[in-house]
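If you read the sequence from its start, that first residue is 1, and numbering goes on from there. Values below: all heavy atoms of this structure, side chains included; hydrogens, waters and symmetry mates excluded.
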Amino acid sequence: MTQGKTGTELAEPPKKPVTVSINGNAYRADEGECLLTVAERVKIPIPHFCFEQSLEPYGACRLCMVGVVHHGKTVMETACTLRAKEGLTVLTDTPDIVKYRTILFELYLAEAPKSAVVKEMAARYGVTKTRFLRRVDTGDPLGGACILCGLCVRVCNEIMGAGAINFINRGPYTVVNTPFTEPSRDCYGCGACAAVCPTHAVSLEDRGGERILHSWSETKVPLSQCVSCGKYFAPAALEKSVLSRIEPPLRDDLEGLCPACRAKKLAKKEILAATGGDPGDA
């Protein structure tokens, strides 16, 4: 008979501390830690768009390039995919990196001419103009603010498992949208795409009993209505998916209630129990 593991055995092994050098200064880090998070922790600015803690780094935006010094040679790598190890030596503002970063910001200013986020970040690094021209599409459902970082696509596929959106077309015609740019039947309406979008390009709206995903071909997702207060509180398909995976299952008397009404009901039950009342009256 196999015995269960103890709490000690289940605990993660302690992370090995290492020393890394950034711009000539030594800093402590955990071995294998993302260098971008190390830099953020010690207040060293490295621009980036596509890094998201909930997703595996993949260096799509290329803005977080740093110079890694090895045997006297410096090679550029993305800080989000670079892992801390003993003796790692990194430079963040060499002339080559500044030049590379400037060109990238110019490209992003052309790619997302309506993005206030891109303009603000570029200006912070001294870039206010672009030599690259692109016609503004007034009918763009992402409002001229998408930089094609892919975070919305990744969170929809890798975390939510919905696959409601993806890249469409190729080359300069690449965009993100639903298949055939038609309203999606797979969208949960969770809003994760909007939450991770670094340029706030994704637009959605709760109107009446529906959540309307304006950016995704005007996809409409029904909202659940609280049986107690009558407020709409969550996409129905998302609520159903989440409740099906809860262990132990949600109590019958809490089903159909919004979070606020659930909290009130639970609080009332605890108060009645503590004061000698009948919890069944909650």
Side-chain angles (χ1 to χ4, degrees), residues 22-24 34-68 74-82 90-155 165 167-177 192-204 214-215:
I22 306 178
N23 297 335
C34 168
L35 185 80
L36 185 57
T37 62
V38 177
E40 289 182 334
R41 187 170 64 248
V42 297
K43 310 301 181 186
I44 296 176
I46 298 177
H48 59 276
F49 281 132
C50 72
F51 180 71
E52 165 59 41
Q53 291 278 9
S54 61
L55 295 165
E56 187 68 22
Y58 72 143
C61 75
R62 316 307 288 177
L63 265 179
C64 69
M65 282 287 192
V66 295
V68 180
T74 302
V75 179
M76 286 198 294
E77 294 188 32
T78 49
C80 64
T81 58
L82 185 62
V90 169
L91 302 172
T92 68
D93 290 298
T94 66
D96 284 344
I97 291 171
V98 171
K99 181 179 179 180
Y100 177 89
R101 184 186 295 156
T102 297
I103 294 174
L104 270 180
F105 271 127
E106 287 192 44
L107 288 168
Y108 281 128
L109 285 172
E111 179 70 32
K114 296 294 185 179
S115 172
V117 175
V118 173
K119 291 177 182 178
E120 181 183 343
M121 187 183 293
R124 205 181 307 151
Y125 288 87
V127 183
T128 57
K129 298 179 181 178
T130 176
R131 75 196 82 172
F132 306 104
L133 299 177
R134 183 184 179 191
R135 187 178 66 183
V136 177
D137 181 2
T138 56
D140 180 9
L142 291 166
C146 177
I147 59 170
L148 299 176
C149 69
L151 283 179
C152 57
V153 174
R154 293 189 65 201
V155 75
I165 54 175
F167 292 103
I168 301 174
N169 305 326
R170 294 183 179 182
Y173 305 103
T174 302
V175 295
V176 177
N177 213 309
C193 51
V196 300
C197 179
T199 61
H200 311 309
V202 181
S203 172
L204 56 84
H214 296 301
S215 297

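From Leu63, atom CG reaches atom CZ of Phe51 across 14.5 Å, with rounding to the nearest 0.5 Å. Within the model, atoms OG of Ser115 and OH of Tyr108 stand 11.5 Å from one another, a figure rounded to the nearest 0.5 Å. Note: Ile103 CD1 to Phe132 CZ = 6.5 Å, rounded to the nearest 0.5 Å. In this structure, CE on Met76 lies 10.5 Å from CZ on Arg101, to the nearest 0.5 angstrom. Between the CZ atom in Phe167 and the CG atom in Leu148 there is a gap of 6.0 Å [rounded to 0.5 Å]. Taking SG of Cys149 as the start and NE2 of His48 as the end, the distance is 11.0 Å to the nearest 0.5 Å.
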Exercise for review: Dump the intermediate steps for side-chain contact (heavy atoms from CB on, under 4.5 Å) on Gln53 and Thr37, then the final yes or no.
Suggested key: CA-CA 9 Å; Gln53 291 278 9; Thr37 62; 3.8 Å; yes
Exercise for review: For Cys152 and Val176, run side-chain contact (heavy atoms from CB on, under 4.5 Å): C-alpha distance rounded to whole Å, both residues' side-chain angles, the deciding distance at 0.1 Å, then the answer.
Suggested key: CA-CA 9 Å; Cys152 57; Val176 177; 3.8 Å; yes
Exercise for review: Check step by step if salt bridge (charged side-chain N to carboxylate O under 4.0 Å, His left out) holds for Asp140 and Lys114.
Suggested key: CA-CA 11 Å; Asp140 180 9; Lys114 296 294 185 179; over 6 Å; no
Practice item. Go through the steps for Arg41 and Val38 under the test side-chain contact (heavy atoms from CB on, under 4.5 Å), then give the verdict. Key: CA-CA 5 Å; Arg41 187 170 64 248; Val38 177; 4.1 Å; yes
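When all heavy atoms of Ile44 and Ile22 are compared, the pair lying nearest together is CD1-CG2, 3.5 Å. Taking every heavy atom of both residues into account, Val66 and Ala79 meet most closely at CG1-CB, 4.0 Å. Pairing each heavy atom of Asn177 with each of Ile168, the nearest pair is CB-CD1, 3.6 Å. Across Val118 and Ala112, no two heavy atoms sit closer than the pair CG2-CB, 4.3 Å. The nearest pair of heavy atoms linking Cys80 to Pro57 is O-CB, 3.2 Å. Of all heavy-atom pairs between Ile147 and Glu111, the closest is CA-CG, 4.0 Å.
No donor-acceptor distance shorter than 3.5 angstrom exists from the side chain of Glu77 to the backbone of Leu82, with no hydrogens or angles considered. When atom types are taken as modelled, the side chain of Ser203 and the backbone of Ser215 share no donor-acceptor pair closer than 3.5 angstrom. Between the side chain of Lys129 and the backbone N or O of Glu106 there is no donor-acceptor pair closer than 3.5 Å. Remark: side-chain polar atoms of Tyr100 are not paired, donor with acceptor, to backbone N or O of Pro95 under 3.5 angstrom. Side-chain atoms of Thr78 do not come within 3.5 Å of backbone N or O of Gly59 as any donor-acceptor pair.
Side-chain contact between Glu52 and Val155: absent, with no pair of heavy atoms (C-beta onward) separated by less than 4.5 Å.
In this pair, Phe105 and Phe49 present their aromatic rings perpendicular. The plane angle is above 60°, beyond the 30 to 60° band.
By the 6.0 Å and 45° rule, Arg154 stacks over the aromatic ring of Tyr58.
For the residue pair Thr92/Asn23, the side-chain donor-acceptor check at 3.5 Å is satisfied.
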